[in-house]
Visitor: 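Submitted below is the structure of interest, expressed as structure tokens.
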Amino acid sequence: MTDGTARADGRASVDDHALAGALAAEAGRLLLDVRDEVGFADGRALKNAGDLRSHEHLMAALAERRPGDAILSEEGRASVADKRAAGLAGAPTGNTADADRRTADRVWIIDPLDGTREFSEEGRRDWAVHVALWERGRLTAGAVALPAQGLTLRTDALGGAVTVHGSRESVLTAPAPDPGKLRIAVSRTRPPAFVQRLAETLETDVELVPIGSAGAKISAVLLGEVDAYVHAGGQYEWDSAAPAAVALAAGAHASRIDGSPLEYNREDPRLPDILVCHPMSASTLLTGIRDVSDALPSCP
């Protein structure tokens, strides 16, 4: 993880870390307001309102604060242009054109609402907002807001990561697992069969812990609530860019499930699998995943 202290144009980029955190937290507060305003009676209306209002807020803020940068947002795709939300007229603001994004030096990769299912269920706290910055081949800043938990996890200008709770910041370092036990975060609605196979294969005590969104799962790893997150079968760059940026800055292992690096700002934004854990668990998990590779869903 770069410390983000210099840019090609000579201007300091340390504020990118603070900006990512501030924008994610702002969008999170907006989403809490949307929950209060729309209510939970119509889940689809609440999901659409949250997705699009958060998206528009982030797109406008980045256009104002970083007008020369490209943006890739889940809600800015042409495929979601027909979605509407209460209080919004017209289609969502579109992403930077793919050709321009692919040649840009700086690209913000955002998920305005990670975990729409959890967001739409009263009382659930395992949803997030993702804001990440990719620069010339690597992630350089990122933030994951957990609005219902009152937390934001973000990178900092020194190359590390911090947890922000109100006005308080504390150093964030990926905790080591307890010896002889691994708690693995899985989907609460569709835990992949291969993770169950993996749990049976590993020579350690494994507990599968259902958690909602990808950002909430990776945050749980970094906060010591679980020890690993293993996923295969379908995600996109915006699902993991910000959490991966924070995880790497916090000293965690973050890779594809074959151990290869996570790559962003690609022509095809699909990034279907990920492993996040403490480095001391990485070899065990990667070996176990390889041993159950016949059970893996097909991934590009």
Side-chain angles (χ1 to χ4, degrees), residues 1-3 17 20-21 24-25 28 114-115 118 125-130 132 139 141-166 168-188 191 195 198-199 202-231 239-257 259 261-262 273-289:
M1 174 62 59
T2 181
D3 63 5
H17 307 279
D114 176 52
E118 288 72 28
R125 294 153 37 98
D126 46 350
W127 50 277
V129 178
H130 299 176
L139 297 171
V144 178
L146 303 167
Q149 301 179 43
L151 295 175
T152 299
L153 285 59
R154 69 167 179 86
T155 58
D156 68 20
L158 301 177
V162 295
T163 301
V164 183
H165 185 195
R168 293 180 286 119
E169 289 188 4
S170 55
V171 174
L172 177 64
T173 303
D178 292 334
K181 182 176 182 179
L182 276 177
R183 298 163 299 170
I184 301 178
V186 296
S187 170
R188 54 181 284 257
V195 176
L198 174 64
L202 295 175
E203 295 180 358
T204 189
D205 182 21
V206 176
E207 177 186 0
L208 301 183
V209 182
I211 300 177
S213 76
K217 293 184 184 77
I218 295 174
S219 295
V221 175
L222 302 180
L223 294 170
E225 298 166 356
V226 296
D227 303 307
Y229 172 44
V230 185
H231 175 82
D239 292 308
S240 65
V246 178
L248 291 167
H253 171 95
S255 73
R256 300 285 301 267
I257 59 172
L262 297 162
D273 57 76
I274 189 171
L275 166 64
V276 178
C277 61
H278 190 275
M280 68 183 296
S281 303
S283 178
T284 296
L285 286 166
L286 288 168
T287 299
I289 291 167

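Just so it is clear, the model here is predicted, and its values are computed rather than measured.
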Visitor: So how far is it from L182 CG to D205 CG, rounded to the nearest 0.5 Å?
Guide: 9.0 Å

Visitor: Within the side chain of T155, is there an N or O that forms a donor-acceptor pair under 3.5 Å with the backbone of G142?
Guide: yes

Visitor: Side chains of L223 and L151: closer than 4.5 Å at any heavy-atom pair?
Guide: yes

Visitor: For side chain to side chain contact (heavy atoms under 4.5 Å, CB included), just list the numbers for L275 and L286, CA-CA rounded to whole Å, side-chain angles, deciding distance to a tenth of an Å, and then say yes or no.
Guide: CA-CA 8 Å; L275 166 64; L286 288 168; 3.6 Å; yes

Visitor: Counting distance only, does the side-chain N/O of Q149 pair as donor-acceptor with the main-chain N or O of D126 below 3.5 Å?
Guide: no

Visitor: Without swapping roles, check the side chain of T287 against the backbone of S283 for a donor-acceptor pair under 3.5 Å.
Guide: yes

Visitor: On a heavy-atom basis, which atom in A216 and which in L146 lie closest, and how many Å separate them?
Guide: CA-CD2, 4.2 Å

Visitor: Taking all atoms of both residues into account, what is the closest heavy-atom pair of A143 and A242, and its distance?
Guide: O-CB, 3.3 Å

Visitor: Are the charged groups of R183 and D227 less than 4.0 angstrom apart, N to O?
Guide: yes

Visitor: Taking it one step at a time, do V209 and I184 satisfy side chain to side chain contact (heavy atoms under 4.5 Å, CB included)?
Guide: CA-CA 6 Å; V209 182; I184 301 178; over 6 Å; no

Visitor: Distance from D239 atom CG to H231 atom NE2, nearest 0.5 Å?
Guide: 7.5 Å

Visitor: Testing the basics here: between G215 and P243, what is the closest heavy-atom pair and its distance to 0.1 Å?
Guide: CA-CG, 3.9 Å

Visitor: Treating T152 as the side-chain partner and V144 as the backbone partner, does any N or O pair qualify as donor plus acceptor under 3.5 Å?
Guide: no

Visitor: Of all the heavy-atom pairs spanning P147 and A128, show the shortest one and how long it is.
Guide: CD-CA, 4.3 Å

Visitor: Is there side-chain contact between I211 and V226, with heavy atoms separated by less than 4.5 Å?
Guide: yes

Visitor: Strictly distance-based, threshold 3.5 Å: is any side-chain N or O of D114 a donor or acceptor partner for the main-chain N or O of V129?
Guide: no

Visitor: Out of curiosity, L285 CG to L202 CG, how far, rounded to the nearest 0.5 Å?
Guide: 6.0 Å

Visitor: Salt-bridged, R188 to E118, with N to O below 4.0 Å?
Guide: yes

Visitor: Tell me, with the steps shown, if V164 and L153 meet side chain to side chain contact (heavy atoms under 4.5 Å, CB included).
Guide: CA-CA 6 Å; V164 183; L153 285 59; over 6 Å; no

Visitor: Output yes when K217 and E225 qualify as a salt bridge under the 4.0 Å nitrogen-oxygen rule, no when they do not.
Guide: no

Visitor: Mind listing the closest non-hydrogen atom pair of D273 and I257 along with its distance?
Guide: OD1-N, 3.0 Å

Visitor: Just how far is it from atom CG of L172 to atom OG1 of T163, taken to the nearest 0.5 Å?
Guide: 4.0 Å

Visitor: Evaluate the criterion side chain to side chain donor-acceptor pair (under 3.5 Å) for residue pair H253 and S255; output intermediate values, then yes/no.
Guide: CA-CA 7 Å; H253 171 95; S255 73; 2.8 Å; yes

Visitor: What distance separates S187 OG from Y229 OH, expressed to the nearest 0.5 Å?
Guide: 8.0 Å

Visitor: Decide yes or no for I274 and L262: does some side-chain heavy atom of the first lie under 4.5 Å from some side-chain heavy atom of the second?
Guide: yes

Visitor: Looking only at non-hydrogen atoms, find the nearest pair between A176 and M280 and report the distance.
Guide: CB-SD, 3.6 Å

